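First up is the structure itself, then whatever we jot down about it.
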Amino acid sequence: SGDNDKFRAKEAVYDTDEDGSADAPYKIQTPEKLAKLAKEVANGNTHAGEYFKLTANFDYEGAPIGKLNTGIFKGIFDGGGHTLNVNINTGDACASLFPHTEDATIKNLEITGSIAGTESVGGIVGLANRNTLIDNCHVAASVTGSSVNVGGVVGMLYGGSTVSNCRVDGTVSSDLFTVGGVVGWLHGDSRVINCVKTGETIGGANVGGITGQALWTSTVISNCASFGSVTGASNCGGIIGLIPFDVVSFTLFHNLNYHP
């Protein structure tokens with residue numbers, strides 16, 4: 001009991017003037033505060049519609065914010081232009097700062113350091129589903145997967161979700177296929193808009209400077225630029241690695257691929 005009391009005394013708490021509204025977001029200025037959010041989401045609190053704001057730069061080696069399927073983040077996370085230097089190496093699917101999001105917004109955030117996992121690994125989100133928006137983010141971290149669907153910002157972008165105004169300068173790599181400089185697998189009415197990739201993108205097959213593969217209908221890549229090298233055994237492209245034969249509707253608009 002005494003040890004538990006000591007733990008509770010050290011555990012981070014939100015400030016009393018914060019209620020998670022747009023006007024009074026929960027402020028995160030320490031690794032302990034971020035670890036508190038990570039634990040809450042992993043335990044099933046989605047924080048749907050609640051606002052969080054990063055107010056300082058710091059190193060973070062704690063657990064990811066949530067878990068695939070059972071710990072889904074549905075809130076609004078504003079990085080405030082700050083940097084998280086992360087070390088996330090879980091050996092799991094969807095290893096990312098946010099493993100699984102739905103109806104979430106993540107914006108104004110910079111990620112440095114390293115992220116590694118198996119499949120659906122992303123610099124910010126592993127699986128971004130159901131109208132998730134990732135906007136104005138910068139990934140300078142290395143992002144590494146040992147399986148499929150690995151992306152600089154998102155491993156798998158799904159369900160009408162969007163990545164916009166993001167930049168990736170870190171190396172994105174996987175031993176297998178569907179590897180993208182920004183998004184690993186672009187899927188189901190989702191969009192990548194106004195994004196830039198300068199770092200290396202390396203995979204076995206289906207490797208693209210912006211996305212490794214696009215599937216299903218109404219997926220869009222618009223106003224994006226790829227400057228870094230793209231390396232793989234087959235189906236490699238400066239913008240996209242593979243568009244399967246059964247894709248019904250896919251739009252490429254005003255994109256630039258430049259590799260001097």
Side-chain angles (χ1 to χ4, degrees), residues 31 34 38 54 57-66 68 79 82-101 106 108-128 134 136-157 163 165-186 192 195-213 224-233 236-239 241 259:
L34 194 59
L54 196 66
N57 306 323
F58 54 82
D59 296 341
Y60 182 68
E61 297 188 2
I65 302 169
L68 177 62
H82 292 287
T83 301
L84 291 176
N85 183 49
V86 305
N87 181 10
I88 295 173
N89 187 351
T90 65
D92 296 331
C94 294
S96 303
L97 181 62
F98 295 87
H100 190 169
T101 62
I106 300 161
N108 307 325
L109 177 64
E110 181 175 45
I111 298 291
T112 60
S114 64
I115 296 169
T118 56
E119 64 180 279
S120 299
V121 178
I124 295 178
V125 180
L127 170 59
I134 300 117
N136 194 35
C137 292
H138 177 212
V139 177
S142 64
V143 180
T144 306
S146 60
S147 186
V148 299
N149 307 334
V150 178
V153 178
V154 177
M156 181 183 290
L157 192 69
V163 175
N165 305 307
C166 291
R167 180 183 178 98
V168 178
D169 294 322
T171 297
V172 181
S173 63
S174 176
D175 298 332
L176 293 181
F177 54 88
T178 313
V179 185
V182 178
V183 171
W185 192 8
L186 179 62
V192 183
C195 291
V196 176
K197 188 275 296 184
T198 67
E200 292 183 281
T201 308
I202 304 165
N206 306 347
V207 186
I210 301 301
T211 187
Q213 179 172 321
C224 292
S226 171
F227 296 100
S229 62
V230 176
T231 306
C236 298
I239 300 297
H259 302 283

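Owing to the predicted nature of the structure, the values given are computational and were not obtained by experimental measurement.
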Show me the donor-acceptor pairs within less than 3.5 Å that the side chains of residues 138-152 make with the rest of the protein, sequence neighbours left out.
unit_1 : atom_1 : unit_2 : atom_2 : d
His138 : ND1    : Glu110 : OE2    : 2.6
His138 : NE2    : Asp169 : OD2    : 2.6

Where [X] and [Y] come nearest, the two heavy atoms and their spacing:
X: Pro99; Y: Gly66; value: CG-O, 3.4 Å
X: Ala95; Y: Ala116; value: CB-O, 3.4 Å
X: Val230; Y: Cys236; value: CG1-CB, 4.2 Å
X: Met156; Y: Trp185; value: CE-CE3, 2.9 Å
X: Ala38; Y: Tyr60; value: CB-OH, 3.7 Å
X: Glu200; Y: Ser229; value: CG-OG, 3.3 Å

Report task. Walk me through it: do Val182 and Cys224 pass the test side-chain contact (heavy atoms from CB on, under 4.5 Å)? Result -> CA-CA 10 Å; Val182 178; Cys224 292; over 6 Å; no

Requested in this report: Go through Val153 and Cys137 one step at a time and tell me if the side-chain contact (heavy atoms from CB on, under 4.5 Å) criterion holds.
Outcome: CA-CA 8 Å; Val153 178; Cys137 292; 5.6 Å; no

So, using side-chain contact (heavy atoms from CB on, under 4.5 Å) as the criterion, who are the partners of [X] when residues are at least two apart?
X: Asn136; answer: Asn108
X: Glu61; answer: Asn87
X: Asn85; answer: Asp59, Thr112

Requested in this report: Walk me through it: do Ile65 and Leu97 pass the test side-chain contact (heavy atoms from CB on, under 4.5 Å)?
Outcome: CA-CA 6 Å; Ile65 302 169; Leu97 181 62; 4.0 Å; yes

Query raised in the report: Yes or no on side-chain contact (heavy atoms from CB on, under 4.5 Å) for Val192 and Thr211, after CA distance, side-chain angles and deciding distance?
Result: CA-CA 9 Å; Val192 183; Thr211 187; 5.6 Å; no

**Report entry** Set of side chain to side chain donor-acceptor pair (under 3.5 Å) partners for Thr101, sequence neighbours left out
**Finding:**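 For Thr101, the residues satisfying side chain to side chain donor-acceptor pair (under 3.5 Å) (neighbours in sequence not counted) are Thr132.
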
Query raised in the report: Which residues satisfy the side chain to side chain donor-acceptor pair (under 3.5 Å) test with Ser96, sequence neighbours excluded?
Result: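 Scan of Ser96 (side chain to side chain donor-acceptor pair (under 3.5 Å), adjacent residues dropped) gives none.
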
Hey, what do you get for [atom1] ([X]) to [atom2] ([Y]), rounding to the nearest 0.5 Å?
X: Leu68; Y: Thr90; atom1: CG; atom2: OG1; answer: 10.5 Å
X: Phe98; Y: Leu109; atom1: CZ; atom2: CG; answer: 7.0 Å
X: Ile210; Y: Lys197; atom1: CD1; atom2: NZ; answer: 7.0 Å

Query raised in the report: Got Phe58 and Leu84 here, is their nearest side-chain heavy-atom distance under 4.5 Å?
Result: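 Yes; the side chains approach each other to less than 4.5 Å.
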
Query raised in the report: Val207 versus Thr231: any side-chain heavy-atom pair under 4.5 Å?
Result: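 Contact flag for Val207/Thr231 side chains = no.
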
**Report entry** Under 3.5 Å: donor-acceptor pair, side chain of Ser226, backbone of Gly238
**Finding:**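 Looks like yes, one N/O pair under 3.5 Å.
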
Query - Pairing residues for Phe177 by the ring-ring contact (aromatic ring centres under 6.0 Å, His included) criterion, not counting sequence neighbours - result: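 Not a single residue meets the ring-ring contact (aromatic ring centres under 6.0 Å, His included) criterion with Phe177.
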
Can you give me every donor-acceptor pair (side chain of residues 118-125, partner residue at least two apart or in another chain, under 3.5 Å) with its distance?
unit_1 : atom_1 : unit_2 : atom_2 : d
Thr118 : OG1    : Asp92  : O      : 3.1
Thr118 : OG1    : Ala93  : N      : 3.0

